Student: 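Right, I'll just put the structure down here and ask away after.
Since this is a predicted model, take the numbers as computed values, not measurements. Letters go in sequence order (proteins before strands), and every chain restarts at 1.
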Amino acid sequence: KAGVTQTPRYLIKTRGQQVTLSCSPISGHRSVSWYQQTPGQGLQFLFEYFSETQRNKGNFPGRFSGRQFSNSRSEMNVSTLELGDSALYLCASSSDGVNEQFFGPGTRLTVL
Amino acid sequence: TQLLEQSPQFLSIQEGENLTVYCNSSSVFSSLQWYRQEPGEGPVLLVTVVTGGEVKKLKRLTFQFGDARKDSSLHITAAQPGDTGLYLCAGGSNYQLIWGAGTKLIIKP
């Protein structure tokens with residue numbers, strides 16, 4: 001079956017702009033999680049959506065938001081971009097949010 | 001707050017050597033997963049352990065879950081350059097995964 005897809009793969013924005021990233025999970029998976037990863041660092045958990053509801057949330061400011069649609073596809077939005085938001089944003093799909101996470105290739109966001 | 005601490009944070013060794021990385025917590029987890037991430041890619045699951053004391057082997061990699069299900073270790077025998085990557089552990093609890101910060105492993109030829 002098809003893997004997790006993320007679009008776009010690369011994005012360059014300037015400070016103050018906003019950005020929307022998209023994630024299509026594996027068919028049948030109801031959980032989508034989003035992570036931020038800066039160079040050489042581990043995964044910082046942003047939030048998890050399960051059946052269109054945000055079930056878990058990490059410690060990020062309100063500028064970071066997300067949603068999940070009825071087909072399980074998810075979007076993540078970052079408003080008023082800051083230089084420190086430059087990172088690789090990974091989404092992962094799972095059947096239940098706790099079992100194996102299947103990761104997409106990520107969206108590399110650069111904020112200038 | 002549940003935390004998973006991984007050690008060491010960074011390890012650089014020669015090909016052929018053995019190594020062990022650790023994942024420790026004061027919390028009990030219902031399961032523990034190990035992932036490997038290569039540069040430019042998302043993490044990929046290596047193994048899931050669910051039973052206290054469980055040992056799983058994946059070729060030259062041996063994973064162990066502590067008896068109390070609070071800690072885990074990954075042992076690599078005769079490391080190869082292809083083992084290079086970021087190793088992440090994640091503990092499952094209450095419908096969420098808690099992630100460690102990772103161990104960056106470099107195997108030099």
Student: Got a sec: does the CD of B:Gln80 have more than 12 other heavy atoms crowding it under 6.0 Å?
Tutor: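 More than 12 heavy atoms, drawn from other residues, nucleotides or ligands, come within 6.0 Å of this atom.
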
Student: Check whether more than 12 heavy atoms from other residues, nucleotides or ligands sit under 6.0 Å from atom CZ of A:Arg55, and answer yes or no.
Tutor: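 Counting other residues, nucleotides and ligands, CZ of A:Arg55 exceeds 12 neighbours.
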
Student: State, without any angle test, whether B:Gln33 and A:Gln101 hold a side-chain donor-acceptor pair at a distance under 3.5 Å.
Tutor: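 No - no donor-acceptor pair under 3.5 Å links their side chains.
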
Student: For B:Leu97, is it the side chain, the backbone, both or neither that has a heavy atom under 4.5 Å from a heavy atom of chain A?
Tutor: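 For B:Leu97, backbone and side chain are both near chain A.
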
Student: Are more than 12 heavy atoms, taken from residues, nucleotides or ligands other than A:Asn59, located less than 6.0 Å from that residue's CG atom?
Tutor: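 Open.
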
Student: Under a 4.5 Å heavy-atom cut-off, does chain A meet the side chain of B:Tyr35, its backbone, both or neither?
Tutor: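 For B:Tyr35, the contact with chain A is made by the side chain alone.
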
Student: Of all heavy-atom pairs between A:Leu43 and B:Pro43, which one has the smallest distance, and what is that distance?
Tutor: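 Closest pair (atom of A:Leu43, atom of B:Pro43, distance): CD1-CG, 4.1 Å.
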
Student: Check the surroundings of atom CZ in A:Arg15: do more than 12 heavy atoms from other residues, nucleotides or ligands lie under 6.0 Å from it?
Tutor: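 No, CZ of A:Arg15 has 12 or fewer neighbouring heavy atoms, counting only those of other groups under 6.0 Å.
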
Student: Is it the side chain or the backbone of A:Glu48 that comes within 4.5 Å of chain B heavy atoms, both, or neither?
Tutor: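 For A:Glu48, side-chain heavy atoms alone lie under 4.5 Å from chain B.
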
Student: Side chain, backbone, both or neither: which part of A:Phe50 has a heavy atom under 4.5 Å from chain B?
Tutor: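 No part of it gets close to chain B.
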
Student: To the nearest 0.5 Å, what is the distance between CD on A:Gln37 and CG on B:Leu86?
Tutor: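 Spacing of CD (A:Gln37) from CG (B:Leu86) equals 6.5 Å.
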
Student: Counting only non-hydrogen atoms closer than 4.5 Å, does B:Gln37 touch chain A with its backbone (N, CA, C, O), its side chain (CB onward), both, or neither?
Tutor: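 For B:Gln37, the contact with chain A is made by the side chain alone.
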
Student: Check whether more than 12 heavy atoms from other residues, nucleotides or ligands sit under 6.0 Å from atom CD of B:Gln9, and answer yes or no.
Tutor: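 No, not enclosed.
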
Student: For atom NZ of B:Lys57, is the number of surrounding heavy atoms from other residues, nucleotides or ligands below 6.0 Å larger than 12?
Tutor: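 Open: at most 12 neighbouring heavy atoms sit under 6.0 Å from NZ of B:Lys57.
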
Student: Would you say A:Leu21 ends up clustered with A:Leu83 if hydrophobic residues are merged whenever their side chains have heavy atoms under 4.5 Å apart, either directly or through other cluster members?
Tutor: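 A:Leu83 clusters together with A:Leu21.
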
Student: Just verifying a value: how many Å separate A:Phe102 CZ and B:Leu45 CG, rounded to the nearest 0.5 Å?
Tutor: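 That separation rounds to 7.5 Å.
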
Student: Less than 4.5 Å apart, side chain to side chain, heavy atoms only: is that true for B:Glu41 and A:Leu88?
Tutor: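 B:Glu41 does not reach A:Leu88 side chain to side chain.
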
